[in-house]
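Notes follow the structure.
Both ligands and their constituent atoms are indexed starting at 1 by order of listing.
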Amino acid sequence: MDSKEIRKKYLEFYREKGHAVIPSSSLIPEKDSTLLFVNSGMFPLVPYLMGETHPEGKRLCNAQKCFRTDDIEEVGDMRHTTFFEMLGNWSLGDYFKKEQLNWIFQFLTEKVGLSPERLYVTVYRGNPEIGVEKDSESVEIWKGIFGKEGIEAKDVDFAERNGMQEGRIFYYPDGENWWSRTGSPDKMPIGEIGGPDSEVFYDMGEDLRRHENSPWKDSPCHINCDCGRFIEIANSVFIEFVKKEDGFHKLPQKNVDFGGGLERLAMIAQGKESVFECDLFLPIIRKIEQISSYKYRQKIRSFEVIADHVKAATFIIGDEKGVLPSNKGQGYFVRRLIRRAARHGKQLEIAGGSWLSKVAKEVVEIYGEAYPEIKKNSSFVCESIEKEETLFYKTLEKGLKEFEKLKKEKVITGQAAAFLYQTYGFPIELTEELADERGQAVDKKAFYREMEKHKDLSRELSAGVFKSGLADKEEKTVKFHTATHLLLAALRQVLGESVIQKGSNITSERLRFDFSYDRKLTKEEIEEVEKMVNKAIKKDMKVEKKEMPLKEAMDSGVLASFEEKYPSRVLVYSITDRKGNVFSNEICSGPHVGKTSELGAFKITKEEASSSGVRRIKAVLN
Ligand code: SER
């Protein structure tokens with residue numbers, strides 16, 4: 001069964017069950033600033049999962065392009081990719097666990113033809129600390145489903161320590177069986193939604209065990225073991241909760257958010273051991289074999305990095321809202337993808353000039369029909385990749401020579417890593433990978449500190465050089481920046497903590513701020529927000545920055561809007577009154593004013609809809 005057929009069967013199956021098929025959204029989020037890329041099918045549906053009415057109804061399904069930055073390190077194990085296609089279906093406060101688990105089992109066994117014997121499932125263990133119980137409801141449903149197949153499904157806990165224990169249903173904690181866009185409950189920012197999930201795993205058979213490479217190599221194999229025997233193919237999330245400052249609250253409706261990776265299903269349906277051998281990758285792998293002197297199985301990691309990264313870069317550049325390689329935000333990821341792929345080409349001894357665009361052309365061949373945008377933009381994609389690749393080769397050799405000089409060091413210092421980045425364009429993971437190959441470590445924290453210093457330095461320089469015009473402008477934008485923090489804090493006090501930042505834009509004339517809220521603000525609410533900000537300004541609150549580990553900041557509930565691109569240490573800006581009451585606490589790279597009295601009078605000039613579920617405020621300082 002080829003991947004086209006699986007995609008079609010899935011959408012047909014759910015269409016027959018009353019679901020509207022909706023298009024894949026762009027990989028670049030719609031004015032949503034929680035993450036840099038769309039990492040799941042539910043991403044564009046968040047407002048509807050929170051209660052807003054979707055024009056297509058309460059049952060939806062699609063195939064969605066997704067990009068996961070977290071998985072970048074995992075590429076190379078035959079099943080992880082950064083870009084993937086997710087088959088998804090949703091119930092927006094309509095059906096729930098019983099229908100979903102029965103249907104997905106039916107789809108996998110009857111439509112894809114997987115043997116029920118090979119399927120194992122996981123459920124949420126529960127966590128009293130956040131007041132969410134163990135998911136016994138799903139356990140009972142699964143028992144019924146397997147029972148009908150003549151399989152007695154035993155449920156067992158603590159699988160990771162004791163192996164399979166003849167179980168079929170396994171309980172797992174927050175880290176595995178809770179899903180939100182930002183991960184487990186502790187990693188969710190205030191306002192984020194999520195819930196327990198129930199996953200289906202496919203048993204590839206014990207003969208495939210590469211157990212000695214597993215983190216559990218000294219314990220018996222279990223389904224989350226990572227040795228390659230079990231592979232997750234389906235995830236039903238029961239999105240019922242929203243995180244608020246005082247803990248988890250039930251959403252007004254019970255939702256289902258299902259997602260399953262198409263590449264993994266295709267791999268199994270096609271009897272392959274690696275996703276890179278399914279039909280969504282094989283032509284790419286063959287192309288790389290053609291232009292290099294190696295076979296895939298001889299250099300698995302380099303082949304997978306190249307195939308995955310070029311595919312991802314093709315989709316991001318060729319997206320409806322295409323992003324080019326650059327030094328910041330999404331563009332920085334595109335740069336890293338291309339450069340890392342190019343460097344792995346050296347491992348495969350691919351000689352001559354640029355070649356990555358040949359691989360990109362294969363990607364367009366495979367996906368041009370399902371995702372016409374990449375076909376339409378194909379020459380632009382190839383040219384952009386080639387340009388970035390050429391730019392990188394210009395400095396790569398020199399950079400590698402420089403890197404050679406560090407051979408004797410145990411640890412590559414932050415300063416050295418920053419130098420490689422600034423002078424030779426070495427993204428940090430390239431340095432890490434090179435270091436790793438030689439058994440060296442890289443002081444990544446120091447690298448980020450170093451980068452932060454340079455940012456400050458260039459800021460000071462530009463302020464100093466352009467004393468009049470530019471410096472003056474810069475000063476104004478800094479004030480607006482601080483006012484934006486006050487505005488968000490005031491909005492959350494007046495409208496509630498479901499308000500989260502959806503984007504902001506500052507010029508020297510005004511600030512513009514987008515946030516989640518489902519209706520127009522009343523005149524009274526606008527006045528109250530204004531008053532609250534002005535009061536904070538009058539109180540002459542202190543604006544202070546503190547550097548801390550990202551985890552500590554997230555755990556203490558500091559507001560974050562760009563979680564994904566944060567380094568492991570971050571700056572947190574807090575705005576506090578004289579008595580020490582915290583008015584605002586946000587992760588932010590600054591800069592900000594030192595005291596709120598510098599801001600002047602705050603006035604909201606406009607409040608309007610920005611997109612569905614998102615409001616936009618414009619404001620000035622006089
Ligand atoms: N959002 C869930 C996931 O990405 C299910 O779609 O796994």
Side-chain angles (χ1 to χ4, degrees), residues 6-7 10-11 13-14 19 21-25 27 29 32 34-50 54 59-71 74 79-97 99-101 103-105 107-108 121-124 135 138 172 174-185 187-189 192-202 223-224 230-243 251 253-265 275 563-564:
I6 301 176
R7 194 192 282 130
Y10 174 79
L11 297 176
F13 181 84
Y14 275 93
H19 291 65
V21 181
I22 56 170
S24 168
S25 87
L27 275 172
D32 190 312
T34 314
L35 298 176
L36 286 174
F37 293 98
V38 167
N39 71 348
S40 53
M42 64 78 92
F43 206 117
L45 297 174
V46 171
Y48 310 104
L49 293 162
M50 292 179 91
H54 193 284
R59 297 183 178 197
L60 310 171
C61 65
N62 79 354
Q64 166 72 44
K65 33 185 191 175
C66 300
F67 179 73
R68 289 194 178 170
T69 53
D70 298 355
D71 288 341
E74 314 251 11
R79 56 202 166 123
H80 277 93
T81 59
T82 57
F83 172 87
F84 66 102
E85 218 180 314
M86 186 184 272
L87 301 176
N89 63 269
W90 296 275
S91 157
L92 306 172
D94 190 12
Y95 60 85
F96 205 44
K97 297 183 180 175
E99 293 85 345
Q100 172 56 23
L101 299 180
W103 287 344
I104 202 58
F105 186 83
F107 171 72
L108 293 172
V121 301
T122 62
V123 295
Y124 185 54
D135 189 1
S138 294
Y172 278 98
D174 291 351
E176 277 89 19
N177 278 68
W178 177 281
W179 203 91
S180 81
R181 288 182 295 182
T182 53
S184 50
K187 295 206 187 96
M188 289 165 65
E192 188 65 40
I193 56 171
D197 69 38
S198 181
E199 302 172 1
V200 180
F201 284 72
Y202 183 79
I223 56 179
N224 265 318
F230 293 98
I231 181 160
E232 183 203 326
I233 52 172
N235 185 15
S236 301
V237 189
F238 305 114
I239 299 199
E240 273 193 275
F241 298 97
V242 56
K243 185 167 176 176
L251 283 165
Q253 64 191 43
K254 291 179 172 182
N255 305 288
V256 172
D257 158 37
F258 171 79
L262 176 60
E263 296 80 354
R264 289 181 174 192
L265 278 180
V275 286
E563 211 221 18
E564 198 176 30

Open item on the list: If the condition is side-chain hydrogen bond (donor to acceptor under 3.5 Å, both in side chains), which residues does Arg59 pass it with, not counting sequence neighbours?
Closed with: Asp94

- [ ] For the pair Phe107 and Phe13, name the ring-plane relationship: parallel under 30°, tilted 30 to 60°, perpendicular over 60°.
- [x] tilted

Task: Sub-4.0 Å heavy-atom approach of Arg181 to ligand 1 - done: no

Open item on the list: Suppose we measure from atom 2 (C) of ligand 1 to each protein heavy atom; which comes out shortest, and what is that distance?
Closed with: Asp257 OD2, 3.4 Å

Open item on the list: Could you tell me, atom by atom, which parts of ligand 1 come under 4.0 Å of a heavy atom of Val237?
Closed with: 2 (C), 5 (C)

Open item on the list: Residue-level breakdown please: for Arg68 versus ligand 1, do any non-hydrogen atoms fall below 4.0 Å on the side chain, on the backbone, on both, or on neither?
Closed with: side chain

Open item on the list: Hydrogens and angles aside, do Tyr48 and Asn255 bring a side-chain donor and acceptor to less than 3.5 Å of each other?
Closed with: no

Open item on the list: Centroid separation under 6.0 Å, is that true for the rings of His19 and Tyr95?
Closed with: yes

Task: Between Thr182 and Glu192, a side-chain donor and acceptor under 3.5 Å - done: no

- [ ] Could you say whether the N/O atoms of Asn235 and ligand 1 ever approach to under 3.5 Å?
- [x] yes

Task: Contacting atoms of ligand 1, where contact means under 4.0 angstrom from a heavy atom of Met42 - done: 1 (N)

- [ ] Using a strict 4.0 Å cut-off to heavy atoms of Gly259, name the atoms of ligand 1 that fall inside it.
- [x] 5 (C), 6 (O)

Task: Any donor-acceptor pair under 3.5 Å from Tyr124 side chain to Gly195 backbone - done: no

Open item on the list: Within the structure, is a non-hydrogen atom of Glu232 found at a distance of less than 4.0 Å from ligand 1?
Closed with: no

Open item on the list: Taking 4.0 Å as the limit for heavy-atom contacts, which would you say applies to Phe258 with ligand 1: side chain only, backbone only, both, or neither?
Closed with: backbone

Open item on the list: Please enumerate all residues that pass side-chain hydrogen bond (donor to acceptor under 3.5 Å, both in side chains) together with Asp257, with sequence neighbours excluded.
Closed with: Trp90

